[in-house]
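Right, one structure below, let's go through it.
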Amino acid sequence: MSQPFKADFIIDSFALEGTYKGFSVKNDGNINSTFVISLENGAKTDKYTLQKINTNVFRRPDELMRNLVGVTAHIKQKGGMQTLDFMPCRDGKYYCVDGGEYWRCYRYIDNVYTCNIIDSPDVFRSAGRAFGKFQSILSDYPIDSLFDTIPDFHNTAKRFETFKKSVAENRAGRAAGVRREIDFILSREDDMSRLTGLLENGILPLRVTHNDTKLNNILFDEKTNEGVCIIDLDTVMPGLSLYDFGDSIRFGANTAAEDEKDTSKISLNLDLYRAYTEGYLSAAGSSLTDAEIEYLPFSAKLMTLELAMRFLTDYLDGDVYFKLNYPEHNLVRTRAQQTLVSDIEKKLDKMKTITANAVK
Ligand code: GN1
Ligand code: MG
């Protein structure tokens, strides 16, 4: 692969010390591009994570980085959890610009691992504790100081309107081939505004939330398997705690990958659901209201439905948002998420019982 960034420029902008040794590519994200760079400093090697911010998605990188610097400073000050250490540039900003590309850099964290799929309830319980702790550490963060990096990010009701528009416009000419998938979404209209409605009525509180709580956004300690750091803070914004809980379950309690082609492998693992719920409530429990707890099982369904809708919208629009690994990737993702929605619908009563037991 040719060098995707100008190493000299990056090293000089962030005033990194040492001799540049090379980079590796990280393929985890669907939005930004991530690399790990190494610099030799005498006998030791220093590593940094370098990211190109997708400005098609994050249109105001300056505001985005201000959010991140504020939130990470808050976590450092309160303690109890590791966080990202962003490198300032010589000009004091936390990003540099090269030919219209925005770059940021943070210290690479060693002796940790990430996972995309999990079968250990104990590790997933620890994931729940990590996000629960994150929620509670940020519970006193000044919410008004946060920029909305992507307005209405989890506003499912608005996303439903956008979806219907994409179906009607049919920009890529693909609607006729995915009628079944479209109908799956349309038939669940009533679900779309349930949580936003409860927020508007003041029944659910607005909080500082992560908004992208996938399992692979947690760094686990290699020795203890404890979730020690939450990464990918780009979408930290005012939101509902339920978005965070639901998205964690959508991704982590699935027995298969988010984009599994063989839908027979996809289901919601109730043992994992139980473990995450116990871990999450043990760390965030006292800060949550009864209404938030009541909607935990439903949030897993809604977030899965939301992602099914977002992937299908992007497919209908001609694949303009998410990165793809192959041409039909968004359709495969849609089908995988819809399969999971159907399974969650069957298991909702069991999930309610498990949640009630975890509260006790
Ligand atoms: C995107 O880039 P990544 O993988 O962290 C997306 C999330 C989706 C996720 C699905 C800003 O996250 O909302 O849940 O893909 N992030 C944005 O895998 O849209
Ligand atoms: Mg993300």
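Counting convention: from 1, in listed order, for ligands and their atoms alike.
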**OP:** Tell me, with the steps shown, if M81 and I230 meet side chain to side chain contact (heavy atoms under 4.5 Å, CB included).
**Re:** CA-CA 9 Å; M81 188 164 222; I230 304 289; 3.7 Å; yes

Subject >> Pair R188-E345, salt bridge (charged side-chain N to carboxylate O under 4.0 Å, His left out): steps then yes or no >> reply: CA-CA 11 Å; R188 286 163 177 79; E345 285 172 344; 2.8 Å; yes

**OP:** Determine, step by step, whether I231 and L219 satisfy the side chain to side chain contact (heavy atoms under 4.5 Å, CB included) criterion, reporting the C-alpha distance in whole Å, the side-chain angles of both residues, the deciding distance to 0.1 Å, and the verdict.
**Re:** CA-CA 7 Å; I231 59 170; L219 304 182; 3.8 Å; yes

**OP:** Just do the side chain to side chain contact (heavy atoms under 4.5 Å, CB included) check on C229 and V112 with the steps written out, would you?
**Re:** CA-CA 9 Å; C229 182; V112 291; over 6 Å; no

**OP:** Take I266 and T263 through the test side chain to side chain contact (heavy atoms under 4.5 Å, CB included) and record every step on the way to the result.
**Re:** CA-CA 5 Å; I266 298 169; T263 52; 4.2 Å; yes

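Among E306, K214, H154, the residue whose heavy atom sits closest to atom 18 (O) of ligand 1 is K214.
Interface atoms of ligand 1 facing F58, defined by a heavy-atom separation under 4.0 Å, are 11 (C). Atoms of ligand 1 lying under 4.0 Å from at least one heavy atom of D232, given by number and element, are 5 (O). Counting atoms of ligand 1 from 1 in the listed order, those under 4.0 Å from a heavy atom of Y321 are 11 (C), 17 (C), 19 (O). Atoms of ligand 1 found under 4.0 Å from any heavy atom of G29 (numbered from 1 in listed order, with element): 2 (O), 4 (O).
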Give the table of side-chain donor-acceptor pairs shorter than 3.5 Å for residues 20-31, with sequence neighbours excluded, one pair per line with atom names and distance.
from: Y20; atom 1: OH; to: Q3; atom 2: NE2; distance (Å): 2.9
from: N30; atom 1: OD1; to: R333; atom 2: NH2; distance (Å): 3.4

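Annotation: side-chain hydrogen bond (donor to acceptor under 3.5 Å, both in side chains) contacts of K44 (sequence neighbours excluded): D46.
Under 4.0 angstrom from ligand 1, there are no non-hydrogen atoms of N32. Both the backbone and the side chain of N30 come within contact range of ligand 1, each with a heavy atom under 4.0 Å. At a heavy-atom distance under 4.0 Å, no atom of N211 approaches ligand 1. For F251, no heavy-atom contact with ligand 1 is shorter than 4.0 Å.
Exactly one residue among D234, D98, D85 makes a salt bridge (charged side-chain N to carboxylate O under 4.0 Å, His left out) with R104. That residue is D234.
Note: the hydrophobic cluster containing I117 does not contain L270 (ILVMFWY, side chain heavy atoms under 4.5 Å, direct or indirect links).
For Q337, the heavy-atom gap to ligand 1 stays at 4.0 angstrom or more. Using a 4.0 Å heavy-atom cutoff, K323 is absent from the residues neighbouring ligand 1.
The distance criterion of under 3.5 Å between nitrogen or oxygen atoms is met by E258 with respect to ligand 1. Below 3.5 Å of separation, one finds no N or O of N217 facing any N or O of ligand 1. For ligand 1, one of its N or O atoms has an N or O atom of I31 under 3.5 Å away.
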